[in-house]
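Have a look at the structure below, then the notes.
In the text below, chain A, chain B and the rest are named by the order of the sequence lines, each starting its count at 1. These figures come from a predicted structure and were not determined experimentally.
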Amino acid sequence: MPELPEVEAYRRLAERALGRPISSVVLGDPRFLRGPTSPRRLRHILRGASFDVARRRGKLLVLDLGGTPPSTGHRLGIRFGMTGSLLVDGSSGDEELIYSSRRVEKRWERFAVHFADGGSLVVHDPRLLGGVSLDPDEELLGPDATTLTLAQLRGALDTSAAPLKARLMDQARLAGVGNLLADEILWRASLSPQRRAGSLTPAETRRLHRHIRVTLDELSARGGSHLGDLMPARQPGGRCPRDGAALVRSTVGGRTSWWCPRHQG
DNA sequence: ATTGTGGCCTGCCCGC
DNA sequence: TGCGGGCAGGCCACAA
């Protein structure tokens with residue numbers, strides 16, 4: 001269920017897995033391995049190596065491999081899809097994240113790395129919409145939303161005729177904002193998700209930029225992207241927490257969207 | 001190139 | 001209680 005704040009929490013959790021020699025790799029479901037790499041090759045690269053650095057770009061977690069050839073210079077990419085989660089040594093690490101209840105079932109373990117010290121790093125994903133890949137192309141992702149500059153936001157919006165929300169969620173142009181965060185950010189910025197992305201005035205773009213950064217900071221501090229102010233109202237019959245207007249629900253950018261027709265223009 | 005759509009997957013919740 | 005439909009915080013291939 002991760003968006004940027006959740007993946008950042010996983011990144012911190014993954015730091016517990018650094019510097020520990022890998023003894024074995026278990027691919028719980030072959031469909032979970034994405035890209036051209038074979039399971040055999042993935043094992044070959046990972047076994048005996050250890051993770052050096054845990055990085056994140058948008059919703060992609062990247063673990064750099066250290067050690068000697070053949071693993072040197074390779075990277076393991078992990079995407080969590082809508083239902084993925086990470087466990088290191090059996091701990092979800094979201095003690096700090098207030099998450100909806102998360103069952104842990106063995107059959108949902110799609111990928112696991114076991115360390116020589118007896119611990120493990122496990123990716124859990126009931127729906128299989130996430131995946132792991134060897135050497136993912138990180139350049140396919142736009143600038144990370146947490147450090148987004150105003151100029152980068154202008155570049156992401158460009159002169160596009162696409163709905164504003166679709167551009168915000170376009171990972172190639174701006175990495176890390178998902179459906180819930182997009183609704184929350186646009187609600188706070190008083191901008192309609194249906195606005196053409198290229199139609200924002202300079203003042204509106206600055207406002208949006210500020211709200212992207214503030215919202216990410218706030219929700220990360222609160223413990224997750226589902227803890228936004230709009231979230232409780234994001235359901236049938238929901239009313240705008242700011243002005244009480246009945247929220248509108250529709251599909252924008254292919255995703256269910258909720259917004260206030262009164263103050264989001 | 002840009003934008004929109006359907007599909008991938010499984011689990012859950014609601015109404016009948 | 002059982003069953004069907006709709007829904008889900010993501011992403012990718014494909015079509016116009």
Side-chain angles (χ1 to χ4, degrees), chain A residues 1-10 28-36 56-61 77-86 94 97-111 123-133 136-138 140-142 145 155-187 193-199 215-216 219-220 222-238 249-258:
Chain A
M1 311 128 102
E3 296 190 44
L4 189 154
E6 286 73 28
V7 180
E8 175 58 21
Y10 294 149
D29 188 308
R31 292 171 294 179
F32 205 64
L33 176 56
R34 312 297 174 134
R56 179 191 59 73
R57 180 149 170 179
K59 306 176 204 171
L60 177 70
L61 178 63
I78 305 177
R79 289 187 301 99
F80 295 94
M82 299 226 283
T83 54
S85 57
L86 188 72
D94 326 281
L97 277 186
I98 312 157
Y99 244 178
S100 50
S101 70
R102 165 140 5 99
R103 268 196 298 150
V104 176
E105 296 207 15
K106 192 74 181 170
R107 68 194 162 107
W108 292 336
E109 287 190 14
R110 307 306 189 182
F111 175 79
V123 183
H124 211 254
D125 187 3
R127 277 179 73 184
L128 281 165
L129 292 173
V132 295
S133 58
D137 186 352
E138 299 173 43
L140 293 178
L141 294 170
L157 300 181
D158 198 52
T159 56
S160 169
L164 176 55
K165 181 175 173 181
R167 275 280 163 130
L168 280 186
M169 292 194 303
D170 183 342
Q171 303 300 302
R173 308 192 185 261
L174 196 177
V177 175
N179 197 35
L180 283 189
L181 277 174
D183 277 1
E184 178 78 15
I185 289 165
L186 291 169
W187 176 77
Q194 297 181 312
R195 275 285 289 279
R196 303 298 98 179
S199 76
T215 304
L216 283 171
L219 298 202
S220 296
R222 285 184 200 177
S225 40
H226 60 298
L227 294 174
D229 296 335
L230 177 65
M231 195 58 192
R234 215 174 164 282
Q235 56 177 307
R249 174 196 195 273
S250 72
T251 300
V252 182
R255 306 301 302 277
T256 298
S257 308
W258 294 83

> Got a sec, which residues hit salt bridge (charged side-chain N to carboxylate O under 4.0 Å, His left out) with Asp183(A), two or more places apart in sequence or on another chain?
Replying inline: Lys165(A), Arg234(A)

>> According to salt bridge (charged side-chain N to carboxylate O under 4.0 Å, His left out), who are the partners of Arg34(A), at least two apart in sequence or on a separate chain?
In response: none

>> The criterion is salt bridge (charged side-chain N to carboxylate O under 4.0 Å, His left out); which residues satisfy it with Asp158(A), sequence neighbours excluded?
In response: none

> Which residues satisfy the side chain to side chain contact (heavy atoms under 4.5 Å, CB included) test with Ala162(A), sequence neighbours excluded?
Replying inline: Ser160(A), Arg167(A)

>> Does anything in residues 169-183 of chain A come within less than 4.0 Å of DNA chain C? Heavy atoms only, and list the residues if so.
In response: Gln171(A), Gly178(A), Asn179(A), Leu180(A)

> Once Watson-Crick and G-U wobble pairs under 3.5 Å are found, how is DNA chain B written in dot-bracket notation, 5' to 3', with | for any base paired to another strand?
Replying inline: .|||||||.|||||||

Quick one: which protein N/O atoms are closer than 3.5 Å to N/O atoms of nucleotides 12-16 of chain C? Pair and distance per line, please.
none

>> The criterion is side chain to side chain contact (heavy atoms under 4.5 Å, CB included); which residues satisfy it with Thr159(A), sequence neighbours excluded?
In response: none

What nitrogen or oxygen pairs link the protein and nucleotides 6-8 of chain B at under 3.5 Å?
none

> Considering residues at least two apart in sequence or located in another chain, which fulfil the side chain to side chain contact (heavy atoms under 4.5 Å, CB included) criterion with Gln235(A)?
Replying inline: none

>> Among residues at least two apart in sequence or on other chains, which ones pass salt bridge (charged side-chain N to carboxylate O under 4.0 Å, His left out) with Glu8(A)?
In response: Arg11(A), Arg12(A), Arg56(A)

>> Checking Leu129(A) now: which residues fulfil side chain to side chain contact (heavy atoms under 4.5 Å, CB included) with it, not counting sequence neighbours?
In response: Met82(A), Arg127(A)

